Amino acid sequence: MTDNTLLLFTPSESVPVAAQHQITATQVTDENRISFWPQYFGSIPQWITLEPHIFAWMDRFCADYHGGIWTFFTLSNGGAFMVPETGEDSDESSWTLFNPMNGNDGEMSAVAAGIAVCLIAYSHHACRTECDAMTEHYYRLRDYALLHRECQAIMRIID
């Protein structure tokens, strides 16, 4: 390294390396659900169609999905996604998804399933609208997915 080369990232000695790369998810409160879509996606063309497209992807990929309420999450890196809720009277602790476009399947938690279908929907919406902001949302969520404990199952579905 020469004298005029700047380091892109200098780790703080007081913060463990793993924590420096951590992205956290925070559930959106019921009171803030109404502002979720316009706040995070309002600058993206046709943003109003994102939520029904996510439902449609889940319906296409999961035979056991029959609609329902979804929980919204924001990410510490500026991203956002949604997760299908499992009913209180349901013993569904996992979802089985099958992507007919690549032939891959996987059993995963509701969170991982939500991440996977949101990534698919975000990718398609970014291509359809040619919107850089939508592409950024995809990569923010993908960065979170890469750190998720079910990363391999998510990546198999979206491959």
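All residue numbers in this chain count up from 1 along the given sequence. In this text the structure is predicted, and so the values were computed from the model without any measurement.
Side-chain contact between S109 and S94: absent, with no pair of heavy atoms (C-beta onward) separated by less than 4.5 Å. Side-chain contact between L75 and F81: present, with at least one pair of heavy atoms (C-beta onward) separated by less than 4.5 Å. Residues L147 and Q22 fail the side-chain proximity criterion, which asks for heavy atoms closer than 4.5 Å. Within the 4.5 Å cutoff, no side-chain heavy atoms of I23 are placed close to those of R140. A heavy-atom distance below 4.5 Å is found between the side chains of W47 and P38.
In this structure, the ring-ring contact (aromatic ring centres under 6.0 Å, His included) partners of Y122, at least two apart in sequence or on a different chain, are F41. Qualifying side-chain contact (heavy atoms from CB on, under 4.5 Å) partners for D59, counting only residues two or more places apart in sequence or in other chains: Y65. The ring-ring contact (aromatic ring centres under 6.0 Å, His included) test applied to W57 returns F61, H124, not counting sequence neighbours.
Put simply, CG on L119 and OH on Y138 are 5.5 Å apart, with the number rounded to the nearest 0.5 Å. The CE atom of M108 sits 11.5 Å away from atom CZ of R149, with the distance rounded to the nearest 0.5 Å.
Looking at every heavy atom in both residues, E107 comes nearest to A153 through O-CB, 4.4 Å. Smallest separation of non-hydrogen atoms from I157 and N104: CD1-O, 3.8 Å. Across all their heavy atoms, A126 and T135 have their closest contact at CB-OG1, 3.6 Å. The shortest heavy-atom contact between C118 and M82 is SG-N, 3.5 Å. Nearest heavy atoms, H125 versus P45: NE2-O, 2.9 Å. The two residues P84 and A110 make their nearest non-hydrogen contact at O-CB, 3.3 Å.
A ring-centre distance under 6.0 Å is not found for Y40 and F72.
Using modelled atom types, no side-chain atom of T74 and backbone atom of A80 make a donor-acceptor pair closer than 3.5 Å. Checking side-chain atoms of S123 against main-chain N and O of I120 turns up no donor-acceptor pair under 3.5 Å. At least one donor-acceptor pair closer than 3.5 Å links the side chain of H53 to the backbone N or O of T49. Remark: side-chain polar atoms of R156 are not paired, donor with acceptor, to backbone N or O of G106 under 3.5 angstrom.
A donor-acceptor contact under 3.5 angstrom links the side chains of N32 and T29, judged on distance only. Side-chain contact annotation: Q27 with T71, donor-acceptor N/O pair under 3.5 Å absent.
Applying the side-chain contact (heavy atoms from CB on, under 4.5 Å) test between I154 and each of I115, V117, V111, L97 identifies I115 as the sole match.
L146 and L141 fall within a single hydrophobic cluster, where Ile, Leu, Val, Met, Phe, Trp and Tyr are joined by side-chain heavy atoms under 4.5 Å apart, directly or via other members. When hydrophobic clusters are built by joining Ile, Leu, Val, Met, Phe, Trp and Tyr residues whose side-chain heavy atoms come closer than 4.5 Å, directly or via intermediates, I48 is grouped together with W70.
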### Task
Let me see the working for F73 and V28 under side-chain contact (heavy atoms from CB on, under 4.5 Å), right down to the final yes or no.
CA-CA 5 Å; F73 289 87; V28 174; 5.7 Å; no

